[in-house]
Amino acid sequence: MRFDVLTLFPEMFSGYMSQSILSKAIEREQVSVHVHNIRDWTKDRHHKVDDRPFGGGPGMILMVEPVVNCVRDVQAMSEEPGLVILTTPQGKRLNQPLCEDLASDHKRFIVLCGRYEGFDQRVIDILQPMEISIGDYVLNGGEVASMVLVDSLVRLVPGVLGDDLSSWDDSFSRGNRILEYPQYTRPRTFEGHDVPEVLLSGDHGAIEAWRKAKSLENTKQKRSDLLE
Ligand code: SAM
């Protein structure tokens, strides 16, 4: 899976890409992440990427020309055209089924990170991206949203997680669409709190049944909407 992230703040990605599951997936060439600075696609000597909104109002708007030129050049960097995604609070809400569809339908994602008051509408009219929101709140920029997107998709690339079943059984995932059961590890007892006996029994059928029941109980308590 290939990601091209288009941003005004490429430095934000270096720490994120050098850690844990993502860095290992990059090392194993299961995933690649290419970060591009939209400012490199400006033509004036001040490298201007934003301007005041026509009609007045607060803030600055990302200009159409550098953004569209950047996307077109980045698209041409690989034979796979890729799905263009624009991060915006106005987009389709990201959830696990959408992540699963994206991961199974596409091999390459070109992700646009907005800043300030967002993009000139013509970026959307011309590029026809998939507009994605990570939730009903407003971030300062699309970088964190694009990391959320990359993080959730990378887990779904076969072989990236130690055990591919993890992404099957996780909360919201294709295995059940409800919440996961509680998990325990050593020690068996801590401050009077014991690990449930059944998990130590070695009886796989009983463990499976306990997990199913707990998963349902967890979902009823915390997210009954998932059972509707
Ligand atoms: N003025 C825009 C509006 O009201 O729809 C919000 C712009 S926001 C301050 C700046 C950038 O942050 C957006 O262009 C987008 O890239 C990103 N962003 C903010 N909230 C987001 C969210 N919930 N999901 C995805 N991206 C978001």
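Side chains are part of it too, since the values below use all heavy atoms of this structure and drop only hydrogens, waters and symmetry mates. Every number for a ligand or one of its atoms is a count from 1 in the order of the listing.
Sorted by first then second residue, the side-chain hydrogen bond (donor to acceptor under 3.5 Å, both in side chains) pairs that include residues 140-151, not counting sequence neighbours, are Thr7-Glu143, Tyr16-Asp151, Arg115-Glu143.
Thr88 N, 3.4 Å is the protein heavy atom nearest to atom 26 (N) of ligand 1. In this structure, atom 5 (O) of ligand 1 lies nearest to the protein heavy atom Gln90 NE2, 2.8 Å. Annotation: atom 1 (N) of ligand 1 to nearest protein heavy atom, Glu117 O, 3.1 Å. What sits closest to atom 15 (C) of ligand 1 on the protein, heavy atoms only, is Thr87 O, 3.1 Å. Protein heavy atom at the shortest distance from atom 18 (N) of ligand 1 is Pro89 CD, 3.8 Å.
A salt bridge is absent between Arg211 and Asp169; no separation between the charged side-chain nitrogens and carboxylate oxygens falls under 4.0 Å. A salt bridge is absent between Glu180 and Lys214; no separation between the charged side-chain nitrogens and carboxylate oxygens falls under 4.0 Å. Under 4.0 Å is where a charged nitrogen must lie from a carboxylate oxygen, and between Glu100 and Arg177 at least one such pair does.
Evaluation of the ring-ring contact (aromatic ring centres under 6.0 Å, His included) rule for Phe109 yields Phe3, His106 as partners, not counting sequence neighbours.
Taking a cut-off of under 4.0 Å to the non-hydrogen atoms of Gly142, the atoms of ligand 1 that pass are 12 (O), 16 (O), 17 (C). Under a 4.0 Å criterion applied to the non-hydrogen atoms of Asn140, ligand 1 contributes the atoms 10 (C), 12 (O). Close contacts between ligand 1 and Gly114 involve ligand atoms 11 (C), 14 (O), 16 (O) [criterion: under 4.0 Å to a heavy atom]. Numbered from 1 in the order shown, with element, the atoms of ligand 1 that lie under 4.0 Å from a heavy atom of Val138 read 8 (S), 9 (C), 20 (N). Near Gly135, meaning under 4.0 Å from any of its heavy atoms, are these atoms of ligand 1: 23 (N).
Inspection of the Arg223 and Ser171 side chains reveals no N or O donor paired with an N or O acceptor under 3.5 Å.
Annotation: Phe119 places no N or O atom under 3.5 Å from an N or O atom of ligand 1; distance criterion only. For ligand 1, one of its N or O atoms has an N or O atom of Leu139 under 3.5 Å away. Not one N or O of Ala145 is nearer than 3.5 Å to an N or O of ligand 1, by distance alone. Of the N or O atoms in Tyr116, none lie within a sub-3.5 Å distance of an N or O in ligand 1.
A donor-acceptor pair under 3.5 Å is absent between the side-chain atoms of Ser133 and the main chain of Lys92, judged by distance alone. A donor-acceptor pair under 3.5 Å links the side-chain atoms of Ser78 to the main chain of Glu80, judged by distance alone.
Remark: among candidates Ile134, Leu86, Asp136, the nearest residue to atom 24 (N) of ligand 1 is Ile134, based on non-hydrogen atoms.
Across Met63 and Asp50, no two heavy atoms sit closer than the pair SD-N, 3.5 Å.
Residue contacts with ligand 1 include Ile132, since one or more of its heavy atoms lies under 4.0 Å from the ligand.
Residue Leu153 is grouped with residue Ile132 when hydrophobic side chains (ILVMFWY) are merged at heavy-atom distances under 4.5 angstrom, including chains of intermediate members.
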